[in-house]
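Have a look at the structure below, then the notes.
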Amino acid sequence: MVKPKTEEEIELLRENAILVSKTLAEVGKRVAPGVTTAELNRVAETFIRDNGAIPSFLGYEGFPAAICASVNDVVVHGFPSDYVLKEGDIFTADIGTFYKGYNGDSAYTFPVGEVDPETRKLLDVTKASLYKGIEAAVAGNRTGDIGHAVQSYAESFGFSIVRELEGHGLGKEMHEAPGVPNYGKPGSGARLTDGMVICIEPMINAGSRGVYLARNGWAVHTSDHKNAAHFELTVVVRKGKAEQLSTFDFIEKEQL
Ligand code: MG
Ligand code: MG
């Protein structure tokens, strides 16, 4: 049994979620052709520290940066680098905060300039599949209901689900039980209860679902080197309807 969070804990997780959401937007404002992913990492780290928090990914199991910076065929866990983003790339920022003893964790895949229509569709479908998952994150359901909602939506567009990585509970630890897979059968998996805080994070490939680990032991690439997208939000499981803690509103307001 996963212990639900108290309302006091949920408020601290909400503070982290808002900070991580604003950090993603600060990064997003600067995503453009000609910018390096190392520069975007610095923007995020500065913003997190200026707000009195710690970038929780830095040093986590030896991870060398404040954010995961994953470009094109990198699904997750890319290192920020001197790589210069170019028109038509996609760039995923996955960002974690640690503040007042709790964690924040969210991710967004940004288009760099104009992307081709198939890539635009991959981003739209991956984000929409996350919201399908959130709709299933209600008390009484199981993690498999979330996975099924994400999978059936994304696969209906011909995209494929990365199965080696999954969402998770969030609290004092960055990764808590239960695991939240992006595929599954309705009615299977861990039961969801009121007050559980989870990160739902579809990782979806334009091509086949195969992935491999780079020699640096971190970056996860698509086996066919086609693009992958990753969107992540933190929600509280509630009766009837999940409550979103993190949000893409700060990003999408910038894009208007
Ligand atoms: Mg994350
Ligand atoms: Mg996560």
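Counting convention: from 1, in listed order, for ligands and their atoms alike. Predicted, not measured: the structure shown is a model, and the values here were computed from it. The figures here come from the full heavy-atom set of this structure, side chains too, leaving out hydrogens, waters and symmetry mates.
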message: Ring-plane angle category for Phe157 and Phe159, please: parallel below 30°, perpendicular beyond 60°, tilted otherwise.
response: parallel

Per residue Glu201, nearest N, O or S atom to the Mg ion (ligand 2) is named OE2

On the 0 to 90° scale, with breaks at 30° and 60°, tag the Trp218-Phe79 ring pair as parallel, tilted or perpendicular. tilted

Of all the N, O or S atoms in His168, the one nearest to the Mg ion (ligand 2) is NE2

>> Looking at Lys100 and Glu8, is any side-chain nitrogen of the basic one under 4.0 Å from a carboxylate oxygen of the acidic one?
In response: no

Per residue Asp94, nearest N, O or S atom to the Mg ion (ligand 1) is named OD1

Worked check of ring pair (Phe, Tyr, Trp, His ring centres under 6.0 Å) between Tyr60 and His175: CA-CA 11 Å; Tyr60 180 82; His175 296 116; 5.7 Å; yes

At the Mg ion (ligand 2), OD2 of Asp105 and OE2 of Glu232 open up to roughly (10° bins) 80°

